[in-house]
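Proteins come first, then strands; the chains are lettered A, B, ... in the order of their sequence lines, and each starts at number 1. Note that the coordinates shown come from a computational prediction; the quantities given were computed from them, not determined experimentally.
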There are 2 protein chains.
Amino acid sequence: MRKKIYVHVADDHKILIEGIIAVINTDKDIEINDYSLTGKEVIDWFDKKGNKADVLILDITMPILDGFEVLKHFNKNNIKQNVIILSSYDDIKIVQEMLSLGCKGYITKNNAGEHIVNAIKAVAKGEQYFSNDIQSILLKSFAGQHVPNGDAPDNFLKETLTERELEVLKLISKQYNSPEIADKLSLGISTVDSHRKNLLRKLKVKNSVGLAIYAVKNKII
Amino acid sequence: MRKKIYVHVADDHKILIEGIIAVINTDKDIEINDYSLTGKEVIDWFDKKGNKADVLILDITMPILDGFEVLKHFNKNNIKQNVIILSSYDDIKIVQEMLSLGCKGYITKNNAGEHIVNAIKAVAKGEQYFSNDIQSILLKSFAGQHVPNGDAPDNFLKETLTERELEVLKLISKQYNSPEIADKLSLGISTVDSHRKNLLRKLKVKNSVGLAIYAVKNKII
DNA sequence: AGGCTTCTCCCCATTTATGGGGAGAAGAAA
DNA sequence: TTTCTTCTCCCCATAAATGGGGAGAAGCCT
């Protein structure tokens, strides 16, 4: 008898967890350890002594703490944990961000059923695993980096935003105007406008609409 | 032997459909007929001769056509169909909108597992069914109490946009300003500004940032 | 014929946003 | 110490967006 693979599932929709359990139960080598409904529950579970799982299935969008924060917490506390991201997002930037945060697998919810068992077994053995669509966009982005020019394209050279700028960007994306942002952050209006100017310049966009779209696409809000 | 209840499930996440099937399979009186991943698939399925289901489990957020559009299509074509909404939103306005569109049940994804079988059986008998949390907010609203806003985005119950408004919205989301949009569409600036005003009102957003975020989230751009 | 929506454009006014420049204080890093 | 970044705030000015109102023309539906 082979050693069982113990799995922890984290998603804010319980019915989806039930679905994953149903699919996984068709395989005798895998067993669900426990589950979490928020990122904070995940962190608390793994912080508790004696709790460990061979594989963590992790959704990105969860209340309280999201998937990004969970992985950052693992890295900060030097916790080695095999993680498979189960997400509805197939955006290259998100996939790359998750990979840089150390996830071992990434499958989309669209075709999770056919991939989840194989993904768990691969990641439990220390391999990587990506569903077809993710493989596809990863290959494309890989090919896209070898542009004939040799120089990195502009969008790879984004200037990093400061903490204050990020705060202002978040509030802009929530449809607050400068006086309101100044009030919320206890700043002068002219200060907020200075941050606006720097944001427009750094992110190479034309107006607040460009800032908001950047924020949405980069999951800043 | 009792007559079986045939159920059609529509949700854009296949893993969730698999979960529902797993839960429903525990009951011998209910059988899954077929499933759909988009609103368009639902409509096409029910339009096909010979296809019918006793109960339709319907998600609200789906690509191509959402749950609202599916119910509107049923009403317009005088199709009598028992529908249970399965949603992650527990916002009173959405529940009321769905009821006015003729849905017979409404359960949230948070506790779908414990309710879905009973909901199907009740609705198949012509009764109504709501999960606890939905019952609670419905009772409050009937009693005339103030019901706090739910978790749905403000712009969920959108007024339908005209073709022209959609054109303007797309260009706004591409960071063009009013003079530029007027030029591209061969309109006067004041006309573009009129469309802007109507967009802000219809989509219940505060400024162009809100418009852009609406456009991104609804895949208009 | 009357009502309806859509599209077009105008008036008014105020508030915001953008674009250019500069500058001081605090703190970190060299 | 000097240099650098970050954060703060100011000046100037113009462009753009918002908010209120109205109104004519064209087309559709009943």
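- Separating the CD1 atom of A:Ile172 from the P atom of C:dT18 is a distance of 8 Å, rounded to the nearest angstrom.
- Using a 4.0 Å heavy-atom cutoff across all strands shown, B:Ser178 reaches sugar-phosphate atoms only and no base atom.
- Contact annotation: A:Ser208 side-chain N/O to C:dT18 OP1/OP2 distance is under 4.0 Å.
- Here the side chain of A:Asn207 is nearest to one of D:dA17, C:dT18, C:dC7, namely C:dT18.
- Between the CG atom of A:Leu200 and the P atom of C:dT16 there is a distance of 18 Å, rounded to whole Å.
- Within 4.0 Å of B:Ser194, counting heavy atoms only, lies at least one base atom of the nucleic acid.
- Between the A:Gln81 side chain and the A:Ala53 main chain, a donor and an acceptor come within less than 3.5 Å of each other.
- When rounded to the nearest whole Å, the span between CG of B:Asp193 and P of C:dT16 equals 17 Å.
- At whole-Å resolution of the value, CZ in A:Arg196 and P in C:dG21 are 20 Å apart.
- Between the side chain of A:Ser190 and the base of D:dC10, no donor-acceptor pair under 3.5 Å is found.
- For B:Leu199 and D:dA17, the CG to P distance is 13 Å, given to the nearest whole Å.
- Dashed line: the shortest gap from a side-chain N or O of A:His195 to OP1 or OP2 of D:dC9 is not under 4.0 Å.
- In terms of heavy atoms, A:Arg196 sits closest to A:Ser178 at NH1-OG, 2.7 Å.
- B:Leu187 comes within 4.0 angstrom of the backbone, heavy atoms only, and of no base.
- Within the 4.0 angstrom heavy-atom criterion, only backbone atoms of the sugar-phosphate kind lie near A:Thr162; the bases stay farther away.
- Between the C1' atom of D:dA13 and the NZ atom of A:Lys197 lies a distance of 11 Å, rounded to the nearest Å.
- For the pair B:Glu163 CD and D:dA26 P, the computed distance is 22 Å after rounding to whole Å.
- Remark: C1' of D:dT8 and CD of A:Glu165 are 13 Å apart, rounded to the nearest angstrom.
- Across every non-hydrogen atom of B:Val55 and B:Ile5, the tightest pair is CG2-CG2, 4.3 Å.
- Because its NZ or CZ atom is both nearer than 6.0 Å to the ring centre of B:Tyr176 and within 45° of the ring axis, B:Lys184 counts as a cation-pi partner of that residue.
- Each of C:dG21, D:dT8, D:dA16 was ranked by its minimum atom distance to the side chain of B:Pro179; first place goes to D:dA16.
- The backbone N or O of A:Ser190 sits less than 3.5 Å from a side-chain atom of A:Ser194, completing a donor-acceptor pair.
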